[in-house]
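Please read the structure below before turning to the comments.
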Amino acid sequence: MSNYDTLNPMQQEAVFHTEGPVLILAGAGSGKTRVLTHRTAYLIEEKGVNPYHIMAITFTNKAAGEMRERIDDLVGFGSESIWVSTFHSSCVRILRRHIDRLGYDNNFTIYDGDDQKTLMKDICKRLQVDTKIYKEKSFLGAISHAKDELISPEEFALNVAGDYSKKKQAEVYAEYQKMLHKNNALDFDDLIVKTVELLKADPEVLNYYQERFRYIMVDEYQDTNTAQFQLIKTLASKYRNLCVVGDDDQSIYKFRGANIYNILNFEKEFPDARVIKLEQNYRSTKTILNAANSVISNNVGRKAKVLWTDNEEGDKVNFQQFDTGYDEADYIVRDISKKVRDGEYNYGDCAILYRTNAQSRLFEERFVVSNIPYKVVGGVNFYARREIKDLLCYLKTIDNARDDLAVRRVINVPKRGIGATTLAKVQAYANENDLSFYNALKMAEDISSLGRSAVKIKPFVTLIQTMRSKAPYLGVADLLEEILEETGYLEELKAEGEEEAQARMENIDELISKAVAYEEKCQSEDTEPTLSGFLEEVALVADVDSLESGSDYVVLMTLHSDKGLEFPNVYLAGLEDGIFPSYMTITADDPSEIEEERRLCYVGITRAMEHLTITSARMRMIRGETQYNKVSRFVREIPEELLGHAPEKVRLAESVKARTYEQAKTAFRAKVAYAGTPVDFASAATESQSLPYTVGDRVRHLKFGEGTVTNIVAGGKDFEVTVDFDAFGVKKMFAIFAKLKKI
DNA sequence: GAAGGCGGTCTTTTT
DNA sequence: GACCGCCTTC
């Protein structure tokens with residue numbers, strides 16, 4: 001019981017009120033995760049609820065993982081049968097079991113944004129849409145928007161009312177869904193939509209899950225869209241034990257379809273709902289909280305609530321305006337470096353937050369020269385990288401022969417001399433005979449128009465067939481290795497130039513370790529590792545998910561990625577009208593867009609626990625153009641007495657400046673800073689200075705087998721190693737690529 | 001069929 | 001400034 005004594009009265013009420021609908025309005029840093037985990041424990045321990053009947057939904061895997069861990073700590077026995085997962089993975093889990101009832105195979109593939117774009121391009125070409133006028137992106141936007149609102153292609157078509165471009169959209173939408181179905185694929189939005197569809201269409205399935213999930217809790221409720229709301233409403237409608245936790249002030253995903261009325265109208269939807277407000281903040285200093293409150297108070301149409309804290313006053317908010325973005329980056333990086341040197345903070349305590357991904361560049365450049373470990377969250381997703389996608393598409397091809405997109409991506413990677421003309425002929429044959437693309441490939445010899453090209457296709461088909469037969473007993477990691485070896489992918493990479501290839505190799509290694517980790521996870525959970533399982537895990541991870549709590553590096557990310565996180569020392573960079581709030585929202589007709597930006601600012605400020613620095617630049621390069629911006633209106637909304645000393649000029653001698661920036665740039669280009677792991681320059685440097693083998697040693701190569709090292713020459717960035725292989729003779733190779741193992 | 005060059009477009013934000 | 005698509009050339 002003493003567990004619950006540590007909660008404040010409001011938190012206790014939220015924990016003890018277990019039956020019926022509950023809306024918890026939880027301000028930033030008010031301990032909502034604590035409430036959710038304690039509530040779960042209370043349900044099990046005090047109310048005797050079987051953990052099997054509890055479901056907790058979050059938005060990111062990271063949040064889910066954290067909650068799982070904390071629940072495990074509190075509950076102990078039986079906690080593993082609670083469903084703690086994201087909307088998307090919950091849906092995948094349900095669909096994997098039952099989607100055959102909607103006419104898909106249960107081993108469907110999940111398409112990410114890139115896949116969607118590729119598919120859309122295809123469709124536009126086929127429907128002869130002029131993409132100069134109607135952009136692929138706008139179609140995808142319209143479709144996604146429709147799906148957020150649960151509007152089917154048929155319904156969409158009914159509402160076009162003579163509007164030509166809408167009519168076009170309807171046509172494309174219908175075709176898009178048709179193609180997805182044909183490829184046995186679902187896009188992100190479909191995961192939710194199809195689950196809702198399934199529950200509506202199949203009373204048996206509906207009843208099963210309603211019985212199962214008698215207690216449902218939803219985190220970050222303000223970010224749910226209509227489809228997600230329908231989903232939880234449907235699931236909860238039998239037992240009506242639905243507890244949602246959210247903060248309307250932190251709703252920042254309207255552009256992604258989040259429906260703020262889900263939270264604002266919760267009490268209308270559930271008239272018997274209990275509403276509980278958590279207004280005590282445990283995270284930030286008084287100063288920081290006051291700054292946040294005064295900014296957000298400029299929004300109209302929010303639920304009344306005032307966040308307060310018992311924490312101490314703390315330092316003033318440190319506001320600095322600089323001449324350029326370079327100066328801004330320089331200042332922040334130095335400030336972090338100083339605070340770490342003084343023992344005030346570790347790198348891991350510091351975060352830099354900005355509005356757009358492009359802003360990370362300048363900071364990265366400075367971090368590289370200063371040798372400070374950092375990690376950029378977001379930007380180009382690890383799994384969106386070319387080499388990773390290539391390999392994943394091989395896996396998809398092996399896993400799901402109906403995924404034409406995957407097959408088409410890898411058929412000529414590495415180059416097999418199969419070009420657009422050949423592909424078009426195969427596609428035509430596939431269409432005529434109602435075959436999947438891959439099945440058409442298998443019959444290449446029967447396609448008369450192909451002529452000699454058929455010969456080129458055969459080895460590819462054989463390769464896939466062999467892999468497919470090996471897949472069940474090989475395991476994902478070994479399968480990847482096998483693909484790399486059999487296709488000669490690595491050799492092709494090498495040919496592209498070393499710097500880039502090295503980064504790609506590292507990414508590939510990373511992917512293989514992820515596969516190994518997946519297999520280990522399966523083993524510990526006593527489940528069967530499958531290709532689909534791995535692909536699905538990979539498809540649903542966001543970059544924030546990979547943030548490790550124990551590691552010591554500065555974190556850089558957009559304001560949208562930082563939700564739910566907290567850092568002792570936070571920098572909000574680029575606070576300029578035109579950047580943040582963005583130019584788009586300033587010029588927008590709809591004043592609510594500015595309000596969403598303001599909420600974003602509120603989220604950013606409230607990430608800070610002890611120390612907050614806000615910076616802006618007078619002049620900034622945007623898309624190759626120099627812009628002059630005023631200090632952001634949001635800064636002006638913070639009372640002056642909360643801000644530290646008046647903006648002080650931090651100027652460096654012009655010449656010094658120019659030189660350091662050049663250095664920074666070169667260093668940045670030379671090093672491979674990729675988003676998968678923090679860049680550890682110190683160890684990278686030493687590693688490349690010593691090889692695990694020397695002249696005369698026996699080594700093993702992935703492809704050439706065993707041999708003897710006859711010479712090692714230090715090149716600019718790498719060692720050129722000469723090896724006399726027993727079976728293949730003398731070869732020269734770069735150490736980075738060769739991956740020689742001493743034996 | 002591949003590689004390299006040119007010109008147009010674009011950015012908020014992402015599960 | 002970066003990327004993408006289209007064009008030309010080999």
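Chain identifiers are assigned alphabetically (A, B, ...) following the order of the sequence lines, protein sequences preceding nucleic acid strands; residue numbering begins at 1 within each chain.
Put simply, the side chain of A/Asn225 never gets that close to the backbone of A/Asn259: no donor and acceptor are under 3.5 Å apart.
Atoms NZ (A/Lys117) and P (C/dC3) sit 12 Å apart, rounded to a whole Å. Residue A/Arg416 contributes atom CZ, which lies 12 Å from atom P of B/dA2 at whole-angstrom precision.
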Derivation and outcome, ring pair (Phe, Tyr, Trp, His ring centres under 6.0 Å), residues A/Phe634 and A/Phe580
CA-CA 8 Å; A/Phe634 299 149; A/Phe580 185 33; 5.3 Å; yes

Start with the C-alpha distance between A/Glu149 and A/Thr226, add both sets of side-chain angles, then the distance that settles side-chain hydrogen bond (donor to acceptor under 3.5 Å, both in side chains), and finish with yes or no.
CA-CA 5 Å; A/Glu149 297 294 326; A/Thr226 302; 3.1 Å; yes

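If you find the closest nucleotide of DNA chain B to A/Ala358 and to A/Lys415, the one lying nearer the 5' end belongs to A/Lys415. Between A/Lys137 and A/Arg256, the residue anchored closer to the 5' end of DNA chain B is A/Lys137, taking for each the nucleotide with the nearest heavy atom.
Between the base of B/dT15 and the side chain of A/His88 there is a donor-acceptor pair shorter than 3.5 Å.
In this structure, A/Phe534 and A/Leu395 have side chains that are in contact, with non-hydrogen atoms separated by less than 4.5 Å.
With B/dT14, B/dT15, C/dG1 as the choices, the nucleotide that has an atom nearest any side-chain atom of A/Asn357 turns out to be B/dT14. Set against B/dT9, B/dT14, B/dG1, the side chain of A/Lys135 has B/dT9 as its closest nucleotide. The side chain of A/His560 has B/dT14 as its nearest neighbour among B/dT11, B/dG1, B/dT14. For A/Arg361, taking side-chain heavy atoms from C-beta onward, the closest of the listed nucleotides B/dT12, C/dA2, B/dA3 is C/dA2. Of the listed nucleotides (B/dT15, B/dT12, B/dT14), B/dT12 has the atom at the smallest distance from the side chain of A/Thr356. The side chain of A/Glu597 approaches B/dT12 more closely than any other nucleotide in the set C/dC4, B/dT14, B/dT12.
Remark: ring of A/Phe255 overlaps the six-membered base ring of B/dT13 in a stacked fashion, centroids less than 5.5 Å apart, planes less than 30° apart.
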